[in-house]
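Index from 1, following the sequence. From a predicted model like this one, the values you see are computed outputs, not experimental measurements. Whatever order the structure lists them in is the order used to number ligands and atoms, beginning at 1.
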Amino acid sequence: HGDMAGLRGALIVLEGADRAGKSTQARLLVEALKERGYRAEGLRFPERTTEIGQLIGSYLEKKSDLEDHTIHLLFSANRWEQVPTMKEKLRSGITLVVDRYAFSGVAFTSCKENFDLHWCKQADVGLPKPDLILFLKVNPEVAAARGGFGNERYETNYFQEKVLKRYFELMEDKSLNWKVIDASEKMENVHKNIKDLSEKAIQDAKDQPLGKLWE
Ligand code: FDM
Ligand code: MG
């Protein structure tokens with residue numbers, strides 16, 4: 001599949017609330033794609049291992065405080081620092097499965113006081129545009145049954161409910177290929193759904209140029 005000369009990989013993003021199963025589904029998707037002969041790799045944002053990522057990690061673990069604009073821009077910088085590698089991989093035919101992207105960035109920061117959606121999007125304008133954005137939608141009872149919140153910043157019902165509303169605003173942008181997945185179903189069903197949509201996205205993207213987000 002993807003290793004044919006001149007054919008690029010697809011950029012596939014998973015978004016959704018806490019405990020929607022994003023990380024699990026991202027891992028299952030990469031495995032399934034590889035099994036089917038595609039080249040695929042996973043990545044996640046924030047990527048906590050870089051220098052910028054360590055600042056973000058410490059902020060999320062509440063070991064440090066950062067001014068709200070500053071942390072927003074660090075999250076964005078943490079994406080930009082991966083862009084050269086991402087483009088290189090996509091160009092060489094590798095499909096990237098990304099656990100959270102700019103949509104998390106905008107959805108979370110814009111819930112803070114005195115931040116609007118427009119400002120929040122600017123730092124991420126021009127990032128590689130996802131060919132497919134899978135929004136994992138889980139009903140609150142199912143999410144609650146999967147366990148409680150952790151102790152990181154933002155992990156409260158109050159904040160997460162506001163974040164969800166922002167995601168739905170972002171999904172109204174029809175220039176992006178959003179697909180809402182019912183993530184309350186059992187893992188295997190969710191996986192099959194995601195795999196089918198992803199294979200289609202890979203086929204559709206392979207001879208299309210990579211776009212730029214929000215441009
Ligand atoms: N988050 C994530 C942001 O606030 N902005 C961003 O740009 C990104 C990518 O960080 F609460 C938030 C979302 C979540 C936390 O948690 C990261 P996970 O569990 O590592 O995804
Ligand atoms: Mg988390």
Subject >> NZ/NE/NH1/NH2 to OD/OE distance under 4.0 Å, E31 and K34 >> reply: no

Original post:
Which residue from F75, Y101, Y154 reaches closest to atom 8 (C) of ligand 1 through any of its heavy atoms?
Top reply: F75

Original post:
Is the closest heavy atom of R48 to ligand 1 under 4.0 Å?
Top reply: yes

**OP:** List for me each residue that meets side chain to side chain donor-acceptor pair (under 3.5 Å) alongside D207, sequence neighbours excluded, and say none if there are none.
**Re:** none

Subject >> Sub-4.0 Å atoms of ligand 1 with respect to non-hydrogen atoms of R79 >> reply: 6 (C), 7 (O), 9 (C)

Original post:
At a non-hydrogen distance cut-off of under 4.0 Å, which region of H72 contacts ligand 1 (side chain, backbone, both, or neither)?
Top reply: neither

Original post:
Among the heavy atoms of K22, does any lie under 4.0 Å from an atom of ligand 1?
Top reply: no

**OP:** Report, in ascending order of atom number, the atoms of ligand 1 lying under 4.0 Å from any heavy atom of F45.
**Re:** 9 (C)

Original post:
Is R36 salt-bridged to E199, cutoff N-O under 4.0 Å?
Top reply: yes

**OP:** Have a look at ligand 1 and work out which part of P46, if any, has a heavy atom under 4.0 Å from it: side chain, backbone, both or neither.
**Re:** both

**OP:** Kindly indicate whether a cation-pi arrangement holds for R153 with Y59, taking the cut-offs as under 6.0 Å to the six-membered ring centre and within 45° of the axis.
**Re:** yes

Side-chain donor-acceptor contacts of residues 67-75 below 3.5 Å, not counting sequence neighbours, with atom names and distances?
from	atom 1	to	atom 2	distance (Å)
E67	OE1	H69	N	3.0
E67	OE1	T70	N	3.0
E67	OE1	T70	OG1	2.9
E67	OE2	H69	N	3.3
E67	OE2	H69	ND1	2.6
D68	OD1	K112	NZ	3.0
H72	ND1	T109	OG1	2.7
H72	NE2	C120	O	2.9

Subject >> Close N or O approach (R100, ligand 1; < 3.5 Å) >> reply: yes

Original post:
Are side-chain N/O atoms of S104 and Y167 paired as donor and acceptor at under 3.5 Å?
Top reply: yes

**OP:** For G105, counting its heavy atoms only, list the atoms of ligand 1 lying under 4.0 Å from any of them.
**Re:** 5 (N), 6 (C), 7 (O)

Original post:
Quick one: does ligand 1 sit under 4.0 Å from the side chain of L60, the backbone, both or neither, non-hydrogen atoms only?
Top reply: side chain

**OP:** Would you kindly say whether S23 and Q25 are connected by a side-chain donor-acceptor distance under 3.5 Å?
**Re:** no

